[in-house]
2 protein chains.
Amino acid sequence: MQQEHIQKEFIWHFGEMGSRWGINRTVGQIYALLFLSHKPLCADDMCDALGFSRSNVSMGLKELQSWNLVRRREIERDRREHFEAPEDLWKIVRTLIAERKKREIDPTLSKLRELSLEADGNDTHANRRISELRDLIESLTQFYDKMERIETERLVELIKAGSKFSKLISATDKIIPLSRTRRNRKEN
Amino acid sequence: MQQEHIQKEFIWHFGEMGSRWGINRTVGQIYALLFLSHKPLCADDMCDALGFSRSNVSMGLKELQSWNLVRRREIERDRREHFEAPEDLWKIVRTLIAERKKREIDPTLSKLRELSLEADGNDTHANRRISELRDLIESLTQFYDKMERIETERLVELIKAGSKFSKLISATDKIIPLSRTRRNRKEN
DNA sequence: CAGCCGTTTCAGTAATTTCTGAAAATCAAG
DNA sequence: CTTGATTTTCAGAAATTACTGAAACGGCTG
């Protein structure tokens with residue numbers, strides 16, 4: 001059936017992409033399944049739907065919880081733990097960004113701070129590169145912290161009204177907006 | 001020696017983080033080495049410095065080139081190919097974002113478009129979720145394209161002047177949907 | 001076009017990561 | 001405390017990914 005096929009494809013795709021997103025196939029598929037589901041699922045449901053072992057699902061859920069991507073949800077008259085993916089997609093995006101920053105940026109920033117300290121005084125090319133990189137990441141991090149404080153609705157507004165925004169940036173200075181470049185037709 | 005230790009740590013850290021960044025240890029270390037180096041290096045230099053096999057380095061460089069993270073650079077009176085990491089860190093960041101988008105977002109957007117088409121009409125929960133997700137990614141992508149067109153200097157200004165920026169967002173309060181900009185009253 | 005110098009490919013191996021089943025732990029109810 | 005239902009842990013198996021050395025390739029230069 002068509003409908004089933006769509007779900008299968010979606011789940012399969014999340015599995016495939018999982019590795020590029022820094023999680024693994026199993027975790028990707030579990031998340032996809034929860035994401036599409038209209039009701040919370042328990043681990044057994046997921047085993048059935050995906051054909052993984054019980055323990056694999058258990059590990060996957062643990063991982064997803066550590067990313068704050070799924071929530072426990074009590075179901076009455078059922079002792080088993082159930083899980084669901086949050087409704088609000090923009091919230092999910094924020095969570096993802098926060099978690100990736102935590103895993104991919106923060107450890108490097110600490111390391112760079114540490115090395116900058118050690119390098120104290122010694123003005124070599126490598127040390128300059130390192131502190132340049134530290135500065136950059138500090139700036140990005142500070143910027144992120146500011147954005148983090150803004151309510152989701154407002155950020156969404158901003159993103160959706162992108163044109164307004166980029167015009168605004170151009171307006172910061174007297175630069176002439178890029179003209180649409182003529183495209184060269186390329187017959188290959 | 002202190003200085004050597006710092007470089008070693010930096011390179012080691014990039015190796016460790018590599019897997020979280022979607023590249024592997026070797027590639028991470030090669031990049032780190034190039035990043036710190038004050039002059040372009042050839043593959044043999046890298047083998048010596050990192051203790052990898054020649055072929056491993058060759059693969060690594062290929063990967064880095066596919067990410068646009070290193071550049072070939074001719075060295076006179078030396079037939080061997082040399083490589084360097086671009087100077088401008090902000091450019092590097094932009095490259096990274098562009099490449100990650102290409103690998104992590106674009107394939108999913110295509111898939112979601114495809115599935116949305118297939119789902120045509122059928123108003124199930126799963127289909128709604130899918131098209132909601134597609135919409136979100138379309139918005140983000142469009143926003144990204146706008147940012148992409150702005151010159152680096154300007155974006156850096158913006159990021160560094162984050163406070164100005166977030167004030168501005170709060171000021172947009174009752175934003176008027178799409179189309180014409182209207183003068184912002186900056187009384188906030 | 002032969003010889004040299006350097007690069008890339010590739011099949012096999014090594015290392016790492018993921019997945020499983022069995023056993024241990026947890027917990028609610030009697 | 002005991003039972004039974006559920007979840008977690010973990011050692012080893014399976015799968016995947018990374019690395020190597022040898023051989024093939026490419027392209028100057030005389």
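Values in this document were obtained by computation on a predicted structure and should not be read as measured data.
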Phosphate OP1/OP2 of C:dT9 contacted by B:Lys62 side-chain N/O (<4.0 Å) |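 Checking C:dT9 against B:Lys62, a side-chain N or O does come within under 4.0 Å of OP1 or OP2.
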Could you go over nucleotides 23-30 of chain C and give all protein N or O partners under 3.5 Å, atom names and distances?
none

To the nearest Å, how far apart are [X] [atom1] and [N] [atom2]?
{"X": "A:Gln29", "N": "C:dT18", "atom1": "CD", "atom2": "P", "value": "14 Å"}
{"X": "A:Arg77", "N": "D:dA5", "atom1": "CZ", "atom2": "P", "value": "17 Å"}
{"X": "A:Glu63", "N": "D:dT8", "atom1": "CD", "atom2": "C1'", "value": "15 Å"}
{"X": "B:Arg20", "N": "C:dT17", "atom1": "CZ", "atom2": "C1'", "value": "15 Å"}
{"X": "A:Arg80", "N": "D:dT8", "atom1": "CZ", "atom2": "C1'", "value": "17 Å"}
{"X": "A:Leu61", "N": "D:dT6", "atom1": "CG", "atom2": "C1'", "value": "13 Å"}
{"X": "A:Met46", "N": "C:dC19", "atom1": "CE", "atom2": "C1'", "value": "17 Å"}
{"X": "A:Asp44", "N": "D:dT7", "atom1": "CG", "atom2": "C1'", "value": "10 Å"}

Are [X] and [Y] packed together at the side-chain level, in the sense that at least one heavy-atom pair is separated by less than 4.5 angstrom?
{"X": "B:Leu69", "Y": "B:Leu96", "answer": "yes"}
{"X": "B:Trp67", "Y": "B:Thr95", "answer": "no"}
{"X": "A:Met17", "Y": "B:Lys111", "answer": "no"}
{"X": "B:Arg80", "Y": "B:Ile75", "answer": "no"}

Without swapping roles, check the side chain of B:Arg20 against the backbone of A:Arg103 for a donor-acceptor pair under 3.5 Å.
->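 Checking the backbone N and O of A:Arg103 against the side chain of B:Arg20, a donor-acceptor pair under 3.5 Å is found.
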Between B:Ser66 and B:Glu63, is there a donor-acceptor pair closer than 3.5 Å when you use the side chain of the first and the backbone of the second?
->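 Side chain of B:Ser66 to backbone of B:Glu63: a pair is present.
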What pairs of donor and acceptor atoms, side-chain ones from residues 22-31 of chain B against any protein atom, are under 3.5 angstrom apart with sequence neighbours left out?
from    : atom 1 : to      : atom 2 : distance (Å)
B:Asn24 : OD1    : B:Thr26 : N      : 3.1
B:Asn24 : OD1    : B:Val27 : N      : 3.0
B:Arg25 : NH1    : B:Glu16 : OE2    : 2.8

Nearest 0.5 Å, what's the NE2-CG distance between A:His82 and A:Leu34?
->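 Atom-to-atom, A:His82:NE2 and A:Leu34:CG are 11.0 Å apart.
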What string of B, S and - do you get for nucleotides 14-22 of chain D, 5' to 3', if B is base contact, S is sugar-phosphate-only contact and - is no contact with any protein heavy atom under 4.0 Å?
-> ----SSBB-
Could A:Glu132 and A:Arg128 be called an ion pair, given the rule that one side-chain N must be under 4.0 Å from one carboxylate O?
->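 The answer is no: the pair does not qualify as a salt bridge.
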